[in-house]
2 protein chains.
Amino acid sequence: MNAKEVLLQHIIKIVPLSDEQIDYVFSHFKPMNFKKGQAVISEGDKVDYEYFVVSGCLKAFYINDEIKMHILQFAMPTWWTSDFCALYNNTRATINVDCITDAEVLCISNEDREKICREIHEVEHFFRWRTNRGYIASQKRLLSLMNNDAKTRYEELLAMYPQLYNLVPKHLIAAYLGVTRETLSRLYSAH
Amino acid sequence: MNAKEVLLQHIIKIVPLSDEQIDYVFSHFKPMNFKKGQAVISEGDKVDYEYFVVSGCLKAFYINDEIKMHILQFAMPTWWTSDFCALYNNTRATINVDCITDAEVLCISNEDREKICREIHEVEHFFRWRTNRGYIASQKRLLSLMNNDAKTRYEELLAMYPQLYNLVPKHLIAAYLGVTRETLSRLYSAH
DNA sequence: TGAAGAATGTGATGTACATCACGTAACGAT
DNA sequence: ATCGTTACGTGATGTACATCACATTCTTCA
């Protein structure tokens, strides 16, 4: 399945679009390829785009005191990522995005997203649906972080995304869970 | 300012609406009044509505093991609250919502929201904007929870919402920050 | 292919916070 | 006014996790 098919399958599952609309929407996306380890957004950058993952795996993360990293999101195929705060408020990036594996993405600028949302009601509906899902997922993660200990969160994560176990180095999983790599290592060696 | 004015000022700051549209949109909201302590949504309920706060203060919270409470959100005037997960997925509530003070709200059903979003493109845009803001706030809180200790989070919260200090009992602030009331008490007596 | 860096494991120790226990003060209903 | 309930403070102790230190294995690439 090529990039166009992946994106549009994802969209038309939510909203019906005519063939011309499909082509028109797709014409606002720009395909990009990144190598493993390559940066997509770096702290301090101007943020103009959001990214739809076609293949590969990205991470959105925050660096505290130039030392500690916390991962906001792993972005797998059909997920969207960016520094949404900087993108929507037109401020500089405080979040970094880079590639855990080689990745193929489709990017769309803030202006173009707003343009096609304005022009096609169904597209606006799609983006509302998408943000809504992200919001609900984020609230769930907040609760999990407050309610559960690290071991429970680790098991939750692997139950939800089993692919991560082999795809992503353990210290990144630790940075997502909000513990150190040492603690994570002890968690599963304890069982 | 009456309930209608509060709601519509809030909306037209984001999207322009004609006078007829304003009346039409408002006709889908139902005014409700709650007393301090009264429940709006209880765990296990069917969730049909979301709530726009006109005056007063609500909280959305989760109860763990029938013992520990964690607060997802304080809902102040012009904020929206509900169990969005249950509302959008049409499942039973896992989250509770109740009133910290007497409160005046406007509620709208899931069907009516989707209906006016379908009928009026600007309204769909408004709800996308609103959810987007919630999503960004939620991501910020996630990062703060992972990066900062309880004292820093306490200061952040009071800097952002100084009204909370006098309005909300301290044990609820603790439940929002994700610490026990004892720890919170020690945090500010230490300074 | 071999050397450097990245990822991982594991012990010793430190610390932020939870838990338990008990006290006092403020509030709300009869 | 008073009695029960809720809010709040504070000490003693326990615990999950961080930090530091060092060893081992796995990757990458010149």
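In what follows, chains are A, B, ... by sequence order, proteins preceding strands, each numbered from 1.
The side-chain contact (heavy atoms from CB on, under 4.5 Å) test applied to B:Asn110 returns B:Leu87, B:Arg113, not counting sequence neighbours.
At distances below 3.5 Å, not a single donor-acceptor pair connects side-chain atoms of A:Asp45 with backbone N or O atoms of A:Ala93. Not a single donor-acceptor pair under 3.5 Å links the side chain of A:Ser144 to the backbone N or O of A:Lys140.
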Start with the C-alpha gap between A:Phe127 and B:His125, add the side-chain angles, then the distance that decides, and say whether ring pair (Phe, Tyr, Trp, His ring centres under 6.0 Å) holds.
CA-CA 9 Å; A:Phe127 277 100; B:His125 181 77; over 10 Å; no
Where protein sits on nucleotides 5-10 of chain D, one letter per nucleotide: B base, S sugar-phosphate only, - none, heavy atoms under 4.0 Å
--SBBB
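With respect to the salt-bridge test (charged N to carboxylate O, under 4.0 angstrom), the residues A:Lys36 and A:Asp102 do not qualify.
Among the protein residues, B:Gly37 comes within range of no part of the nucleic acid, since none of its heavy atoms lies under 4.0 Å from any strand.
For the salt bridge (Lys or Arg N to Asp or Glu O under 4.0 Å) condition, no pair includes a residue of residues 169-182 of chain B, sequence neighbours left out. Within the structure, ring-ring contact (aromatic ring centres under 6.0 Å, His included) contacts touching residues 18-40 of chain A (residues at least two apart or in different chains) are A:Tyr24-A:His28.
Geometrically, B:Arg141 engages B:Tyr176 in a cation-pi contact defined by less than 6.0 Å to the ring centre and at most 45° from the axis.
Over its length, the helix from C:dT1-D:dA30 to C:dT30-D:dA1 turns its helix axis by 60°, as judged from the five terminal pairs at each end, rounded to 10°.
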Interface polar pairs with nucleotides 27-30 of chain D, N/O, under 3.5 angstrom:
{"residue": "D:dT28", "atom": "OP1", "partner": "A:Lys36", "partner atom": "NZ", "Å": "3.1"}

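For B:Lys4, the NZ atom is densely surrounded, since the number of other residues' heavy atoms within 6.0 Å is greater than 12.
The distance between atom CG of A:Asn148 and atom P of C:dA18, rounded to the nearest whole Å, is 15 Å.
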